[in-house]
Structure formats: structure tokens, C-alpha cells
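A short worksheet on the structure shown next.
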Amino acid sequence: VIRLFKSSEKDKYKDGGQIRDFLYVKDAARMTVQFLENDAGGIFNIGSGKKTTWNELAESIFSALKVKGHIEYIPMPDDLIGKYQNFTLADMSRTKEALSTYEEPMSIEKSVEDYIQNYLLPYKTW
């Protein structure tokens, strides 16, 4: 069972439908190295630039574990209502322009599968 917050903006996001820009640490490291190898200067976003819901992340976890999982939606804590960001997404256009060797980040499904099967399950977390 994975527990996710119920939506505090049901007219915009269904439960677990809040959107994040998840990025695998391998992609973040690769982009950082690419910046070291380029002459670009300034402030740049490091993200996937892709919308992923919490539900999609949960389903990717179940798939990587090869289990039939269940998502349980719990109430948003009162102190987070109005403060919780239901939508985050990096604008990657400037980063793509600056990196001549830019590669698209791995999909959420492949990222989660790689991490779970190659690091978590064999206990290689360091």
C-alpha cells in the first residue's frame, strides 16, 4: 500500500493527480557534468521537464517490484492546505539550448525500475 494525499483542489487535480517534475539522480548528475564540460554560465534548471503524477510514480513502484499494489488516499493535513504545491514543472528550454550534448532524462518508469531493481532490492544504496 502506498498512501498519497487527497487533492486539496479537486477541480484541478484528482486524488494523487498532483503533478511533479521527478528527476532521477543519475540524470541530475549527468546534466551537472555536462555543464562542467560546456562554457555556459548562469542559472539553469535541472529537471525532467515532464509532468508526472504521484499516481504514476506509485504505479511505477508497483511495476518495478512486480507486485499488485494499492493506493490509499489520506486527507491533506490542514496546515498544508493552501501551501502544498499541486504542480511543479521545470522549464528546460534554456538548459537544452545551453547543453550541446543534452540528452532527455529517463522516463519515470525506467528510473524507478533501475533504482529499485539495481540498488534497493540488492541493498546497494550507497
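Note that these values count all heavy atoms, side chains included, but never hydrogens, waters or copies made by symmetry. Counting from 1, the numbers follow the sequence of the chain as shown.
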### Message
Just verifying a value: how many Å separate Glu113 CD and Ser63 OG, rounded to the nearest 0.5 Å?
### Response
6.5 Å

#### Entry: Pair Ser48, Asp21: side-chain N/O donor-acceptor within cut-off below 3.5 Å
yes

### Query
Hey, quick one: are Ile61 and Ile19 part of the same hydrophobic cluster, counting side-chain heavy atoms closer than 4.5 Å, chains of contacts allowed?
no

### Message
Measuring from atom CD1 of Ile71 to atom CZ of Phe62, what distance do you get when rounded to the nearest 0.5 angstrom?
### Response
5.5 Å

### Query
Which heavy atom in Thr32 sits nearest to a heavy atom in Ala28, and how many Å separate them?
OG1-O, 2.8 Å

### Query
Looking at Phe35, is Arg94 sitting on its ring face, NZ or CZ under 6.0 Å from the six-membered ring centre and within 45 degrees of the normal?
no

### Message
Taking Ile46 as the starting point, is it possible to reach Val33 by hopping between hydrophobic residues whose side chains are less than 4.5 Å apart?
### Response
no

### Query
Between Ile74 and Leu80, is there a shared hydrophobic cluster once you connect ILVMFWY residues whose side-chain heavy atoms come closer than 4.5 Å?
yes

### Message
Is it true that, when you exclude Asp78 itself, more than 12 heavy atoms of the residues, nucleotides or ligands shown sit nearer than 6.0 Å to its CG?
### Response
no

### Task
To the nearest 0.5 angstrom, please state how far the CE atom of Met92 sits from the CZ atom of Phe44.
10.5 Å

### Query
Do Leu120 and Val25 belong together in a cluster built from hydrophobic side chains that touch within less than 4.5 Å?
yes

### Query
Can a salt bridge be assigned to the pair Lys6 and Glu72 using a cut-off of 4.0 Å between side-chain N and carboxylate O?
no

#### Entry: Shortest non-hydrogen separation from Lys26 to Asp114 and the atoms involved
NZ-OD2, 2.9 Å

### Query
Which value, rounded to the nearest 0.5 Å, describes the distance between Phe5 atom CZ and Ile81 atom CD1?
10.0 Å

### Message
Within the 4.5 Å heavy-atom criterion, are Phe22 and Thr88 side-chain neighbours or not?
### Response
no

### Task
Would you mind reporting whether Leu89 and Phe87 have side-chain heavy atoms less than 4.5 Å apart?
yes

### Task
Report, as yes or no, whether the 6.0 Å neighbourhood of atom NZ on Lys83 holds more than 12 heavy atoms from other residues, nucleotides or ligands.
no

### Task
Verify the distance criterion only: is there a donor paired with an acceptor across the side chains of Asp79 and Tyr84 at less than 3.5 Å?
no

### Min side-chain heavy-atom separation Leu23-Lys50 under 4.5 Å
no

### Task
Report the C-alpha distance between Asp91 and Ser93 in whole Å, list the side-chain angles of each, state the deciding distance to 0.1 Å, and finish with yes or no for side chain to side chain donor-acceptor pair (under 3.5 Å).
CA-CA 6 Å; Asp91 178 354; Ser93 57; 2.7 Å; yes

